[in-house]
> 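One structure coming up, written as structure tokens, with questions to follow.
Please read these numbers as outputs of a predicted model, since none were measured by experiment. Ligands are counted one by one from 1 in listed order, and the atoms in each one are counted from 1 as well.
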Amino acid sequence: MKCPHCDHKRSRVIDTRESGDGIRRRRQCTSCSQRFTTYEQINTAVHIVKTDGRREPFDRIKLLNGMRVASAKRAIPVARLEGLADQIEEHVYGSGRAEIASSIVGNMVLDGLKQIDPVAYIRFATVYMDLRDLESVRAELDRLMGRA
Ligand SMILES: [Zn+2]
């Protein structure tokens, strides 16, 4: 969703409300801070396909909760996590596909968290990438720190 004022690609949703058969979102550009409104038609749910083949509807709240757990006790503004969730949600619904692999969503969370907070990133990676032992956590840390 490009900002109509400066063409910047990222915006933050500051208000969401139902409007007729769609959703009206008030957005604020993360670059120029100008506000604009978008209208979305309710779409059929996009399903997330897990690695074991199970499907479940994309759930923004669940996504955000996963990020919150990984960010516990870190000084990360909630708005940054919500911004990341918005970005991922936009990608999921904007893809025009009925199904999307959980690995795509997981990688988007990892990429986003990596830029927000390294500890939250490692915590999320530990669960999501199923790093079962200290060795694999260290390997990921080394990779993150450019030592591998
Ligand atoms: Zn802008």
> Using a distance threshold of 2.8 Å, state whether an N, O or S atom of Cys3 lies below it from the Zn ion (ligand 1).
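Yes, since at least one N, O or S atom of Cys3 sits under 2.8 Å from the Zn ion (ligand 1).
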> Just to confirm my numbers, could you give the angle made at the Zn ion (ligand 1) by SG of Cys32 and SG of Cys29, rounded to 10°?
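Reported to 10°, the angle equals 110°.
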> Look at Cys6 and state whether any of its N, O or S atoms is less than 2.8 Å from the Zn ion (ligand 1).
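An N, O or S atom of Cys6 is closer than 2.8 Å to the Zn ion (ligand 1), so yes.
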> Less than 3.5 Å apart, any donor N or O on the side chain of Arg12 or Thr30 sitting next to an acceptor on the other?
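No pair is found: no donor N or O on one side chain lies under 3.5 Å from an acceptor on the other.
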> Will you find, in the side chains of Arg10 and Ser31, an N or O donor that is under 3.5 Å from an N or O acceptor?
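No.
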> Would you say Thr37 and Arg26 are linked by a side-chain donor-acceptor pair, where the criterion is simply a distance under 3.5 Å?
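Their side chains do contain a donor-acceptor pair, which is all the 3.5 Å distance test asks for.
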> Quick one: which of Thr16, Asp86, Thr38, Asp15 gives a side-chain hydrogen bond (donor to acceptor under 3.5 Å, both in side chains) with Arg25?
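Result: among Thr16, Asp86, Thr38, Asp15, Thr16 is the only option passing the side-chain hydrogen bond (donor to acceptor under 3.5 Å, both in side chains) with Arg25.
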